[in-house]
Colleague: 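Take this structure first; my questions come after.
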Amino acid sequence: MAGQSDPHLSIFSPSEVEFVAEDEIVEIVPNIRMEALNMICGDFGPFFPQIASKVPLWLAVALKKRGKCTIRTPDWMTIERESPKEFQPLPFHYIEISKLLFDHARDDISDAYLVRSLIEDIRDVRFHKVETGLETISGRTHAVKLKNLSAMEVNIVRPFMRDLRRSLVSSRLGKNWYLLTVNL
């Protein structure tokens, strides 16, 4: 798909979208006792050994790198069910979260190689669905509704939709109004 490899076609770079995803909340299991951490974005903790806590992904990765916790694999890291037209609901930043977990907490993920392969398959299937869905847009299309897209998918689709909307609005074929929406 065009936006995946050409950074000029997307609004944000993949690393910028990943940075935003680091605020997603994940569950960790500390292996040390630690007082609460008072951050600008909120207070996290106190932490007790073997008692699960919820923290932002960036904090989970930082604690994991220091050997102070394990990160629990999110429940959504499973195979996407077959649906020819619809996207199954996944976290908005599922691509970025899974990348960060594979990069920094691979040992906390059971069957990490299989899960990584499945996540890549899900991503490929979803990008293919986006691509084929956009190919079906014609001059007779009055509305496009894309449900359950992820941040990276929206980032790739956004420039195309913006340009399409501009061309449709500028041409105003007859009295037809065009509605382009993305439901997140």
Side-chain angles (χ1 to χ4, degrees), residues 1 3-5 7 10-83 86-127 129-130 146-158 181-184:
M1 184 170 210
Q4 288 178 313
S5 59
S10 297
I11 303 298
F12 300 104
S13 71
S15 56
E16 290 170 325
V17 177
E18 183 179 299
F19 176 76
V20 173
E22 290 177 348
D23 284 332
E24 293 290 321
I25 301 296
V26 296
E27 195 169 55
I28 63 166
V29 178
N31 52 22
I32 57 152
R33 185 182 178 340
M34 187 175 11
E35 295 299 319
L37 300 172
N38 302 314
M39 307 287 182
I40 293 173
C41 59
D43 298 335
F44 304 100
F47 302 102
F48 299 99
Q50 304 308 311
I51 297 181
S53 297
K54 294 189 178 202
V55 299
L57 184 56
W58 61 266
L59 180 56
V61 169
L63 292 172
K64 173 69 179 173
K65 283 181 178 179
R66 290 171 180 77
K68 297 183 184 226
C69 75
T70 58
I71 301 173
R72 285 200 174 155
T73 306
D75 294 335
W76 53 263
M77 286 185 143
T78 60
I79 301 172
E80 180 167 341
R81 294 179 298 273
E82 281 296 313
S83 177
E86 294 180 8
F87 291 99
Q88 297 299 318
L90 287 172
F92 187 58
H93 292 286
Y94 85 93
I95 294 172
E96 301 82 12
I97 293 169
S98 61
K99 181 185 180 307
L100 287 164
L101 290 176
F102 288 126
D103 289 350
H104 302 289
R106 180 178 295 135
D107 56 328
D108 294 340
I109 302 170
S110 59
D111 297 323
Y113 293 107
L114 176 61
V115 172
R116 172 175 249 156
S117 175
L118 293 173
I119 294 290
E120 289 173 2
D121 290 347
I122 289 169
R123 194 190 95 219
D124 292 344
V125 166
R126 289 172 65 98
F127 281 130
K129 284 181 184 181
V130 168
L146 303 171
K147 272 178 76 174
N148 298 321
L149 289 182
S150 72
M152 195 66 73
E153 293 158 352
V154 169
N155 194 46
I156 290 169
V157 170
R158 184 180 289 129
T181 63
V182 176
N183 290 345
L184 304 176

Colleague: Mind checking what makes side chain to side chain contact (heavy atoms under 4.5 Å, CB included) contact with A112, not counting sequence neighbours?
Modeller: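 Only R106, I109 meet the side chain to side chain contact (heavy atoms under 4.5 Å, CB included) criterion with A112.
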
Colleague: The criterion is side chain to side chain donor-acceptor pair (under 3.5 Å); which residues satisfy it with S15, sequence neighbours excluded?
Modeller: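 S15: side chain to side chain donor-acceptor pair (under 3.5 Å) contacts with S13.
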
Colleague: Under the salt bridge (charged side-chain N to carboxylate O under 4.0 Å, His left out) test, which residues partner E96, sequence neighbours left out?
Modeller: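 Not a single residue meets the salt bridge (charged side-chain N to carboxylate O under 4.0 Å, His left out) criterion with E96.
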
Colleague: Under a 3.5 Å distance rule, please check whether D108 uses its side chain to pair with a backbone N or O of T70 as donor and acceptor.
Modeller: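 Such a contact is absent between D108 side chain and T70 backbone.
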
Colleague: Quick one: list whatever passes side chain to side chain contact (heavy atoms under 4.5 Å, CB included) with D107, sequence neighbours left out.
Modeller: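 Testing D107 for side chain to side chain contact (heavy atoms under 4.5 Å, CB included), a comparison that skips the adjacent residues, returns K64.
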
Colleague: Check salt bridge (charged side-chain N to carboxylate O under 4.0 Å, His left out) between E22 and all other residues, then give those that pass, not counting sequence neighbours.
Modeller: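 For E22, no residue satisfies salt bridge (charged side-chain N to carboxylate O under 4.0 Å, His left out) once neighbours in sequence are set aside.
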
Colleague: Which residues satisfy the side chain to side chain contact (heavy atoms under 4.5 Å, CB included) test with V61, sequence neighbours excluded?
Modeller: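 By the side chain to side chain contact (heavy atoms under 4.5 Å, CB included) rule, V61 matches L57, K65, H104.
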
Colleague: Which residue, F92, Y94, F127, forms the side chain to side chain contact (heavy atoms under 4.5 Å, CB included) with M152?
Modeller: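 Result: among F92, Y94, F127, F127 is the only option passing the side chain to side chain contact (heavy atoms under 4.5 Å, CB included) with M152.
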
Colleague: Compare all side-chain heavy atoms of P74 with those of L101 and state whether any distance is below 4.5 angstrom.
Modeller: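 When only atoms from C-beta onward are counted, L101 and P74 do touch, with a gap below 4.5 Å.
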
Colleague: So, do I119 and F102 sit near enough that their side-chain heavy atoms are less than 4.5 Å apart?
Modeller: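 When only atoms from C-beta onward are counted, F102 and I119 do touch, with a gap below 4.5 Å.
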
Colleague: Identify all side-chain donor-acceptor contacts of residues 23-48 below 3.5 Å with residues at least two apart in sequence or on another chain.
Modeller:
unit_1: E27; atom_1: OE1; unit_2: R72; atom_2: NH1; d: 3.1
unit_1: N31; atom_1: ND2; unit_2: G67; atom_2: O; d: 3.3
unit_1: R33; atom_1: NH1; unit_2: E35; atom_2: OE2; d: 3.3

Colleague: Could you walk me through whether I95 and V17 pass the side-chain contact (heavy atoms from CB on, under 4.5 Å) check?
Modeller: CA-CA 10 Å; I95 294 172; V17 177; over 6 Å; no

Colleague: Not counting sequence neighbours, list each pair that qualifies as a side-chain hydrogen bond (donor to acceptor under 3.5 Å, both in side chains) and has a residue in residues 111-122.
Modeller: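 Output for this query is empty, none listed.
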
Colleague: Identify the two heavy atoms, one from R126 and one from L90, that lie closest to each other, and give their separation to 0.1 Å.
Modeller: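 In this case the closest contact between R126 and L90 is NH1-CD1, 3.7 Å.
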
Colleague: Can you measure from SG (C69) to CD (Q50) and round to the nearest 0.5 angstrom?
Modeller: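 Atom-to-atom, C69:SG and Q50:CD are 11.0 Å apart.
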
